[in-house]
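Down below is the structure, laid out as structure tokens.
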Amino acid sequence: MVRRLLPLLVVALCAAALLQAMRPAVYSARTGARDVFTDAYAPAAPIREQLEYIGDELGRQVPTGSRVVFADVTPEWRMRLTQLATMHGIPVVLDSADLEVRLAFDERAPHGVRVSTRKVVAG
């Protein structure tokens, strides 16, 4: 009798272990499907478009290798701008900069933001 139950017990334990291991995958699949079908990422679209636009503008307005400083931006935007500048080969400094970069949030601007640069005058 024990010999017959032992293989069934092993199969049951393996099935339980497999189901336990699949829980995170099932949760992720269910959450991902819900997000896709409910358009959960729609609120993130404007900021993503702004970041892409700002990155393009940094690449267009700032020559590679020019040292920049960001003026009048929040710490959150400073971090985002630093990441974008780094991706374009633009070093970010706190002083001795070649260019100053400013953001102006304006509904009439492309993607709601204007990127402006100006040469820093040594003083």
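Numbering starts at 1 and runs along the sequence shown.
The cluster map of Ile, Leu, Val, Met, Phe, Trp and Tyr, joined by side-chain heavy atoms under 4.5 Å apart, puts Val73 and Val101 in the same cluster. A continuous path of hydrophobic side-chain contacts links Ile47 to Met87 [ILVMFWY only; heavy atoms under 4.5 Å]. Note: the hydrophobic cluster containing Met79 does not contain Val69 (ILVMFWY, side chain heavy atoms under 4.5 Å, direct or indirect links).
With rounding to the nearest 0.5 angstrom, the CG atom of Asp95 is 9.0 Å from the CZ atom of Arg67. Rounded to the nearest 0.5 Å, atoms CZ (Arg118) and CD (Glu100) are 4.0 Å apart. Considering CD of Glu76 and CG of Leu81, their distance stands at 10.5 Å, rounded to 0.5 Å. One finds the OG1 atom of Thr117 at 11.0 Å from the CZ atom of Phe70 (value rounded to the nearest 0.5 Å). The distance from atom OH of Tyr27 to atom CZ of Arg30, rounded to the nearest 0.5 Å, is 7.0 Å. Distance check, rounded to the nearest 0.5 Å: CG of Asp72 to CZ of Arg102 gives 4.5 Å.
Contact between Val113 and Tyr53 at its shortest, heavy atoms only, is O-CE2, 3.4 Å. Residue Pro63 comes nearest to Leu99 through the heavy atom pair CD-CD1, 4.1 Å, listed as atom of the first residue, atom of the second, then distance. Nearest heavy-atom pair, Ala85 versus Val92, reported as atom, atom and distance to 0.1 Å: CB-CG2, 3.7 Å. Considering every non-hydrogen atom in both Leu58 and Ile90, the closest pair reads O-CD1, 3.8 Å. Listed here is the closest heavy atom pair of Arg114 and Arg108: NH2-C, 4.3 Å. Between Ser66 and Pro91, the shortest heavy-atom distance links the atoms O-CD, 3.3 Å.
The neighbour count for Leu13 CG, taken as heavy atoms of other residues, nucleotides or ligands under 6.0 Å away, is above 12.
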Check: Step by step, would you call Gln61 with Val115 a side-chain contact (heavy atoms from CB on, under 4.5 Å)?
Finding: CA-CA 9 Å; Gln61 293 184 27; Val115 180; 4.2 Å; yes
Check: Should Ile54 and Trp77 be marked as a side-chain contact (heavy atoms from CB on, under 4.5 Å) after you check the CA-CA gap, both sets of side-chain angles, and the distance that decides it?
Finding: CA-CA 11 Å; Ile54 292 169; Trp77 273 103; 3.5 Å; yes
